[in-house]
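Order of the sequence lines fixes the chain letters, A, B, ..., with proteins taken first and strands second; residue numbering starts at 1 for each chain.
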2 protein chains.
Amino acid sequence: MLSKASQYAIKSLLFISANQQVGVRFSVKDVAIAIDSPPAFTSKILQQLVAAKIITSVKGSGGGFEISTSKIVSTKVISIIKAIEGDHFSSGCFLGLPDCSEKNPCPVHKLYAPLREKLNQGLYNVTLDDLINNKGKQPFNLKG
Amino acid sequence: MLSKASQYAIKSLLFISANQQVGVRFSVKDVAIAIDSPPAFTSKILQQLVAAKIITSVKGSGGGFEISTSKIVSTKVISIIKAIEGDHFSSGCFLGLPDCSEKNPCPVHKLYAPLREKLNQGLYNVTLDDLINNKGKQPFNLKG
DNA sequence: AGTTAATTGGACAAAATTGTCCGATTTGAT
DNA sequence: ATCAAATCGGACAATTTTGTCCAATTAACT
Ligand code: FES
Ligand code: FES
């Protein structure tokens with residue numbers, strides 16, 4: 001499964017994106033309450049997202065985190081995950097073998113690789129914007 | 001991803017199953033060398049597989065682990081995983097929310113749930129026997 | 001009977017992940 | 001200028017996962 005860190009990252013971005021308006025910023029506390037996460041840990045993750053240039057931050061009173069409309073539209077879910085846990089997400093062998101490939105497949109490769117590939121494509125093709133405007137039907141859930 | 005413990009469990013069983021003959025037993029050391037895993041940790045995992053009644057063990061000189069032909073045929077990969085890490089594997093939300101369902105979906109549910117379901121079905125429909133007789137083509141890899 | 005080879009079970013250790021705390025810095029408002 | 005509110009960075013702590021060690025037990029062989 002996804003690491004907690006990545007989960008918090010995605011949830012944070014969904015909250016910030018879904019509520020972004022011009023001139024509005026969200027503090028760590030705002031985000032942590034909205035997504036029901038430990039504040040100090042969430043702070044670290046927001047810092048990583050700033051470093052990855054997905055969001056921007058403003059220090060000092062009245063400061064906080066924002067995301068631009070263009071980032072909402074362009075940021076793919078897969079990019080968020082990779083920003084947090086590096087590149088090894090998309091390509092790892094189900095059994096942990098060092099190089100997963102058709103040439104040197106493990107016994108479950110045939111079963112696993114196509115599904116992993118579909119998940120990767122899905123995460124690559126879905127942006128924050130897609131998720132927050134999810135055909136409007138059901139209001140989504142970030143807390144549980 | 002899968003836990004190391006589950007990975008070692010699957011690899012151990014594949015090795016034992018693929019090499020099983022009447023009267024042959026494999027020691028912890030045999031298995032650990034074959035699948036390139038830490039012996040003491042592998043020992044714990046083999047104990048869990050004995051507790052789950054997937055393999056049997058014989059203590060003392062000449063002892064070791066065996067698997068019956070019927071277990072090779074009947075043991076599904078999903079059962080191995082659940083024997084090691086419990087039931088929460090098949091149903092967890094991608095974002096870690098406590099109950100994943102159509103009724104109360106998180107933003108990525110629509111994308112993730114069907115793929116998770118396909119993986120579950122795949123792991124449910126594949127047995128040890130299927131994996132070790134993988135249409136014979138490529139000899140598979142358990143070490144890396 | 002004694003020795004050897006093996007699993008079993010328990011306690012322990014190391015590493016990775018998750019989470020906390022606090023001082024330094026920056027910014028806005030009084 | 002001072003104060004309050006906020007991020008930033010670093011060190012630290014707790015928890016989970018991974019991994020080790022060893023004594024106890026069991027079984028085969030001589
Ligand atoms: S080699 Fe194991 S999934 Fe590809
Ligand atoms: S609710 Fe998140 S994957 Fe189903």
Side-chain angles (χ1 to χ4, degrees), chain A residues 1-13 16 23-67 81 83-86 88-89 92 95-96 144, chain B residues 1-13 15-16 23-67 81 83-86 88-89 92 95-96:
Chain A
M1 213 202 323
L2 217 50
S3 68
K4 295 267 187 188
S6 291
Q7 292 178 348
Y8 293 149
I10 296 173
K11 289 184 191 178
S12 296
L13 288 173
I16 294 172
V24 174
R25 287 174 193 142
F26 299 98
S27 69
V28 168
K29 201 204 269 185
D30 292 336
V31 175
I33 289 175
I35 71 171
D36 196 24
S37 64
F41 192 44
T42 307
S43 169
K44 299 297 185 193
I45 288 158
L46 292 174
Q47 282 180 46
Q48 291 182 263
L49 295 175
V50 171
K53 309 209 174 176
I54 296 174
I55 55 179
T56 55
S57 68
V58 178
K59 290 170 84 166
S61 180
F65 299 91
E66 338 173 43
I67 188 167
I81 297 172
I84 301 296
E85 38 192 300
H88 48 76
F89 177 77
L95 297 183
Chain B
M1 212 202 324
L2 218 48
S3 68
K4 294 267 186 188
S6 292
Q7 291 178 347
Y8 293 149
I10 295 173
K11 290 185 190 177
S12 296
L13 288 173
F15 167 68
I16 294 172
V24 175
R25 287 174 193 142
F26 298 98
S27 70
V28 168
K29 201 204 268 185
D30 292 336
V31 174
I33 289 175
I35 71 171
D36 197 22
S37 64
F41 192 44
T42 306
S43 168
K44 300 296 184 191
I45 289 159
L46 291 174
Q47 282 180 46
Q48 291 183 262
L49 295 175
V50 171
K53 308 209 173 175
I54 296 173
I55 55 178
T56 56
S57 68
V58 178
K59 290 170 86 167
S61 180
F65 299 90
E66 342 173 40
I67 188 168
I81 297 172
I84 301 296
E85 38 192 300
H88 47 77
F89 177 77
L95 297 183

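Atoms NZ (B/Lys44) and P (D/dT20) sit 12 Å apart, rounded to a whole Å. Taking atom CG of residue A/Leu46 and atom P of nucleotide D/dT7, one finds them 8 Å apart after rounding to whole Å. Between A/Glu85 atom CD and C/dT17 atom P the separation is 9 Å, expressed in whole Å. Between A/Ile55 atom CD1 and D/dA6 atom P the separation is 16 Å, expressed in whole Å. Between B/Asp30 atom CG and C/dA5 atom C1' the separation is 12 Å, expressed in whole Å. For A/Ile33 and D/dA6, the CD1 to C1' distance is 15 Å, given to the nearest whole Å. In this structure, A/Ile45 places its CD1 atom 11 Å from P of C/dT20, rounding to the nearest Å. Atoms CD (A/Gln7) and P (C/dT17) sit 14 Å apart, rounded to a whole Å.
When each of B/Phe65, B/Phe15, B/Tyr8 is tested with B/Val31 by the rule side-chain contact (heavy atoms from CB on, under 4.5 Å), just one qualifies, namely B/Phe15. When the options A/Ile35, A/Asp30, A/Val28 are evaluated for a side-chain contact (heavy atoms from CB on, under 4.5 Å) with A/Ser12, the one that passes is A/Ile35.
Counting only heavy atoms from C-beta on, A/Phe65 has its side chain closest to D/dC8 among C/dA5, C/dC21, D/dC8. Which of D/dA11, D/dT18, D/dT7 sits closest to the side chain of A/Val28 comes down to D/dT7. In this structure, the nucleotide among C/dT18, C/dT8, D/dC21 sitting nearest to the side chain of A/Ala5 is C/dT18. For B/Ser57, the side-chain atoms get nearest to C/dT8 when compared with the rest of C/dT8, C/dC21, D/dC8. Among the nucleotides D/dT18, D/dT7, C/dT18, the one closest to the side chain of A/Lys4 is C/dT18. The side chain of B/Ser61 approaches D/dA28 more closely than any other nucleotide in the set D/dA28, D/dT18, C/dT18. With C/dG19, D/dC8, D/dG19 as the choices, the nucleotide that has an atom nearest any side-chain atom of B/Phe41 turns out to be D/dG19.
Between D/dG19 and B/Tyr8, a contact under 4.0 Å exists linking OP1 or OP2 to a side-chain N or O. Checking the phosphate oxygens (OP1, OP2) of C/dT7, no side-chain nitrogen or oxygen of B/Gln47 falls inside 4.0 Å.
In terms of modelled atom types and a separation under 3.5 Å, the side chain of A/Lys29 and the main chain of A/Pro39 share no donor-acceptor contact.
Between the CD1 atom in A/Ile55 and the CD atom in A/Gln47 there is a gap of 10.0 Å [rounded to 0.5 Å]. Remark: A/Phe26 CZ to A/Ile33 CD1 distance equals 12.5 Å, nearest 0.5 Å. Taken from CG in B/Leu49 to NZ in B/Lys44, the straight-line distance is 14.0 Å, to the nearest 0.5 Å.
Contact annotation for B/Gly60: base contact, defined as any heavy-atom pair under 4.0 Å involving a base atom. Here A/Ser3 lies in heavy-atom contact (under 4.0 Å) with sugar-phosphate atoms only. Nucleic acid contact class of B/Lys29 (heavy atoms, under 4.0 Å, all strands): none.
Counting distance only, with no hydrogens placed and no angle test, the side-chain atoms of A/Lys59 and the base atoms of C/dG28 include no donor-acceptor pair under 3.5 Å.
Each of B/Gly62 and A/Arg25 has a nearest nucleotide on DNA chain C; the 5'-most of these lies closest to B/Gly62.
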